[in-house]
Amino acid sequence: MFQYLLIGMLLYVLYYRYRDSKCIKNVSDKYVYITGCDSGFGNRLAKHLDQQGFNVLAACFTEKGAEELKNCTSSRLRTLQLDVANSESIKKAAEFVKSEVKGKGLWGLVNNAGISVPSGPSDWLTIDNYKAVLNVNLIGLIEVTLSVLPLIKRARGRIVNVASVFGKISSVGGSYCISKFGVEAFNDSLRRDLSAFGVKVLCIEPGLFKTDVTNFDIITEDLKRQWLKLPQDVKDDYGADFLDKVLPKFRKRVQQFADPDLMKVVWCMNHALTAVHPRTRYSAGLDSKLFWIPLSYMPTVISDFVLNCDKIMPAKCVS
């Protein structure tokens, strides 16, 4: 009986690997619109898809980012400037995309643009700090999607939303985790709503990678700026040396766990766009698969203990 079970499992694995490896054909007539292409995952994906023969519409936040990307890719790749927190910019970009794809429709949208600051202890932040991240990571992602949705439905294409392992477990204060939880929810409702139209909606859940989201200098500068604006009573709660204790530990964690191999995430994005049978979710990075996602399914008492076990506590914490 055990032998039959083992054979059945082996056949299933072989079938799954075969099914997973089947790719679409004729990519040269397909258009993919990617946000956040100045650097990081979006930049690498734009170059990778360009090399494969896709028609890439790469949206960059800065003119410099657009020029640098244009200079190292083929004529198939077109760049445009996009601020996903600005409705007029999103509308203008959607018109550009529509003029490029014409009657073919849009095969792929990759919602990659995102920021991680301002973030920090919740009582350090203002409502404007929360809005700054939510407007980019969640509201902007939704608005970009809605702006080109008719084009995606026409092509029976793909929508790839970049969430995070921190859309499953909230480990830091501020709205980064909140925004990624929202992306997960939007992704699920969108996937169910659009399945009847032949549109596939996929979610990427990266762990820690060396991008601007985990850039130590950017986050440190933001935390120091927030500290200077805090009322004195809040500073007293945390202690004058709080940042001096937190920042070295944070640097050490980033150095230990932030993976420099961005292609692990790009491969997931590429598979979501090119596989005949894409996966519903992609977890990228060993920390995602072996730590963060398993931890998110643990009882709260366990996840709280793990996340708090080496946390720097405020000076006036209650024991």
Is the shortest distance from a Lys or Arg side-chain nitrogen in Arg253 or Asp310 to a carboxylate oxygen in the other one below 4.0 Å?
-> yes
Apply side-chain contact (heavy atoms from CB on, under 4.5 Å) to Leu141 and Val84, showing your working.
-> CA-CA 7 Å; Leu141 180 148; Val84 298; over 6 Å; no
Do Tyr297 and Ile293 touch side chain to side chain, with heavy atoms closer than 4.5 Å?
-> yes
Counting only heavy atoms not in Lys98, do more than 12 fall under 6.0 Å of its NZ?
-> no
Lys289 atom NZ: more than 12 heavy-atom contacts under 6.0 Å | yes
Is there side-chain contact between Val165 and Pro206, with heavy atoms separated by less than 4.5 Å?
-> no
Would you say Phe209 and Thr214 make side-chain contact, with heavy atoms under 4.5 Å?
-> no
When you measure from the side chain of Asn270 to the backbone N and O of Leu49, does any donor-acceptor pair fall under 3.5 Å?
-> no
Hey, mind stepping through Arg158 and Val199 against side-chain contact (heavy atoms from CB on, under 4.5 Å) and telling me if it holds?
-> CA-CA 6 Å; Arg158 313 276 173 90; Val199 174; over 6 Å; no
Mark yes when over 12 heavy atoms from residues, nucleotides or ligands other than Gln256 sit less than 6.0 Å from its CD; otherwise mark no.
-> yes
Run through Tyr33, Phe96, Phe61 and flag the one making a side chain to side chain contact (heavy atoms under 4.5 Å, CB included) with Leu82.
-> Tyr33
Is the Phe257 to Phe291 ring centre distance short of 6.0 Å?
-> no
Within-4.5 Å side-chain heavy-atom neighbours: Asp241 and Asp244 = yes
Heavy-atom side-chain proximity of Val117 to Ile218 below 4.5 angstrom | yes
Has Leu286 got more than 12 heavy atoms of other residues, nucleotides or ligands less than 6.0 Å from its CG?
-> no
Check whether any side-chain heavy atom of Leu134 lies under 4.5 Å from a side-chain heavy atom of Lys131, and answer yes or no.
-> no
Between Lys153 and Phe197, is NZ or CZ placed under 6.0 angstrom from the six-membered ring centre and within 45° of the ring axis?
-> yes
Are the side chain of Asn187 and the backbone N or O of Val183 linked by a donor-acceptor pair below 3.5 Å?
-> no
What do the steps show when you test Trp124 against Tyr238 for ring pair (Phe, Tyr, Trp, His ring centres under 6.0 Å), and what is the final call?
-> CA-CA 10 Å; Trp124 289 22; Tyr238 282 86; 5.5 Å; yes
Could you tell me whether the side chains of Asn43 and Lys47 share a donor-acceptor contact shorter than 3.5 Å?
-> yes
Can you find a side-chain donor-acceptor pair between Asp222 and Ser119 that sits under 3.5 Å?
-> no
Flag the pair Lys104 and Asp29 as a salt bridge only when some basic side-chain nitrogen lies within less than 4.0 angstrom of an acidic carboxylate oxygen.
-> no
Decide side-chain contact (heavy atoms from CB on, under 4.5 Å) for Leu194 and Ile159; before the verdict, give the C-alpha distance in whole Å, the side-chain angles of both, and the deciding distance to 0.1 Å.
-> CA-CA 10 Å; Leu194 297 184; Ile159 299 171; 3.9 Å; yes
Without swapping roles, check the side chain of Trp107 against the backbone of Phe54 for a donor-acceptor pair under 3.5 Å.
-> no
Output yes when a side-chain donor or acceptor of Ser116 lies under 3.5 Å from a complementary backbone atom of Tyr176, and no otherwise.
-> no
Passes side chain to side chain donor-acceptor pair (under 3.5 Å), Thr220 versus Asp217? Steps please.
-> CA-CA 5 Å; Thr220 297; Asp217 293 332; 5.5 Å; no
Neighbour count above 12 (heavy atom, 6.0 Å) for Arg76 CZ = yes
Check against side-chain contact (heavy atoms from CB on, under 4.5 Å), Ser171 and Phe166 | CA-CA 7 Å; Ser171 65; Phe166 300 115; 3.1 Å; yes
Using a distance-only test with no angle check, is there a side-chain donor-acceptor pair under 3.5 angstrom linking Asn112 and Thr35?
-> no
Backbone of Asn86 reached by a side-chain donor or acceptor of Ser89 within 3.5 Å | no
Looking only at atom types and distance, does a side-chain atom of Lys30 sit under 3.5 Å from a main-chain N or O of Leu106, one as donor and one as acceptor?
-> no
Any donor-acceptor N or O pair under 3.5 Å, side chains Glu143, Ser87 | yes
Side-chain heavy atoms of Asp188 within contact of Val201, under 4.5 Å = no
For Glu221, does the CD atom sit with more than 12 other heavy atoms under 6.0 Å from it, leaving out its own atoms?
-> no
Is any side-chain heavy atom of Cys203 less than 4.5 Å from a side-chain heavy atom of Tyr282?
-> no
Do the ring planes of Phe250 and Phe216 sit parallel (below 30°), tilted (30 to 60°) or perpendicular (above 60°)?
-> parallel
